[in-house]
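What follows is a set of notes on a single structure, which appears directly below.
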2 protein chains.
Amino acid sequence: MARYFIQNENPPKEKEEICPVTYTQNLTSGRWKLMILWYLSKGTKRFNELHRSLSGISKGILTRQLRELEEDEMVHREVYKEVPPKVEYSLTPKGVSFIPILDMMGEWGKKHLKSDQ
Amino acid sequence: MARYFIQNENPPKEKEEICPVTYTQNLTSGRWKLMILWYLSKGTKRFNELHRSLSGISKGILTRQLRELEEDEMVHREVYKEVPPKVEYSLTPKGVSFIPILDMMGEWGKKHLKSDQ
DNA sequence: CAGGATCCAGCATGATACTG
DNA sequence: CAGTATCATGCTGGATCCTG
């Protein structure tokens, strides 16, 4: 995540109010985060499933972005104590509540992709 | 803009289909882009107005992000041939159509900012 | 006023090798 | 399988100086 310092509204900032849009932006900035949320919106996935779905991402980066999403309570990580290891990722309620935004971004993108041709 | 290579859906990619979500992400990634769109959603603004509103941004970066938004047809740049120069920025129809997403991000952020406390 | 042109630092991502 | 660790690199944004 970019984790930019939080951008404040200006001039009515009192007591360092955080801009909600920037808050949202911060949670979802990171090259693969939206795609991760997108795939998880279709259901629980294991680590390697995600890794295969997001072709191009390296395992290290996938791990890190998942950890950040977990830290921000967007994603839940469930570890099964088995050998070989099994770890399942799913959306938290907070993550689920983000899906409508993802859908709108998809709709918007689809529309303007067409008219760009 | 990050201008990441376009992420494709996987496996049903045929003929290099572009993921609409990634398209949207690409157009709006950049530290200040969402805030720029946000301020412009309130009406036409001059360069220095924007610069003052977005406290912390340098003029060089503001120029660059505005140029990218212009290139992506999100923002319209109107130059008045006067001395001293006057340049006004406003949203294009495409930019305006993005506002609902911005609003949702704001609402979502506001909600989860609270419950984070 | 509204930039353009450089240069540079930091950090996010990528590549690769290794592990319980 | 699901990572961790390390190193390499490329971009993004910031700082600074200059201009019509």
Can you tell if the side chain of L40(B) reaches within under 4.5 Å of the side chain of L50(B), non-hydrogen atoms only?
yes

By side chain to side chain contact (heavy atoms under 4.5 Å, CB included), E107(A) pairs with (sequence neighbours left out) K110(A)

Whole-Å gap separating P (dC11(D)) and CD (E68(B))
13 Å

Taking the side chain of R67(A) as heavy atoms from C-beta outward, which of dC1(D), dG13(D), dT4(D) is closest to it?
dT4(D)

In 5'-to-3' order, the base (B), backbone-only (S) or no-contact (-) status of each nucleotide in nucleotides 15-20 of chain D, using a 4.0 angstrom heavy-atom cut-off, is -----B

What residues, two or more places apart in sequence or in another chain, satisfy side chain to side chain contact (heavy atoms under 4.5 Å, CB included) together with K86(A)?
R46(A), Y80(A), E82(A), E88(A)

Whole Å only: how far is the NZ atom of K81(A) from the P atom of dG20(C)?
15 Å

Those residues that, when tested against R64(A), pass side chain to side chain contact (heavy atoms under 4.5 Å, CB included) (two or more places apart):
I61(A)

Is the closest side-chain heavy-atom distance between L34(B) and T24(A) below 4.5 Å?
no

End-to-end bend of the helix from dC1(C)-dG20(D) to dG20(C)-dC1(D) (five-pair axes, 10° rounding)?
50°

Student check: side-chain heavy atoms of W32(A) and L62(A) closer than 4.5 Å:
no

Nearest-Å distance for atom pair NZ/C1', residues K86(B) and dG3(C):
17 Å

My understanding is that only residues two or more places apart in sequence, or in another chain, count here; which of them pass side chain to side chain contact (heavy atoms under 4.5 Å, CB included) with V83(A)?
none

Can you tell me if the side-chain N/O atoms of R31(A) get under 4.0 Å from OP1 or OP2 in dA12(C)?
no

Contact class for Y89(B) vs. all strands (heavy atom < 4.0 Å): base, sugar-phosphate, or nothing?
sugar-phosphate

Can you check the Q25(A) CD to dA12(C) P distance for me, whole Å?
14 Å

Could you list all the ring pair (Phe, Tyr, Trp, His ring centres under 6.0 Å) pairs where at least one residue sits in residues 90-109 of chain B, not counting sequence neighbours?
F98(A)-W108(B), W108(A)-F98(B), W108(B)-H112(B)

Can you identify which nucleotide, out of dA2(C), dG3(D), dG3(C), has its nearest atom closest to the R77(B) side chain?
dG3(C)

Whole angstroms only, please: what is the CG-P distance between L34(A) and dT13(C)?
12 Å

Against the side chain of F47(A), the closest entry in dG3(D), dC1(D), dA2(C) is dG3(D)

Nearest-neighbour nucleotide for the N48(A) side chain, dT13(C), dG3(C), dC1(D) considered
dC1(D)

Any side-chain heavy-atom pair from F47(B) and L66(B) closer than 4.5 angstrom?
yes

L62(B) atom CG is separated from dG3(C) atom C1', nearest whole Å, by 10 Å

Write down the distance between CD (E70(B)) and P (dG4(C)), rounded to a whole number of angstrom.
10 Å

Roughly, in whole Å, what's the span from NZ in K45(B) to C1' in dC1(C)?
17 Å

If the cut-off is 4.0 Å, is Q65(A) near the phosphate of dA12(C), judged by side-chain N/O to OP1 or OP2?
no

Under the side chain to side chain donor-acceptor pair (under 3.5 Å) test, residues paired with E78(A) that sit two or more places apart
H76(A)

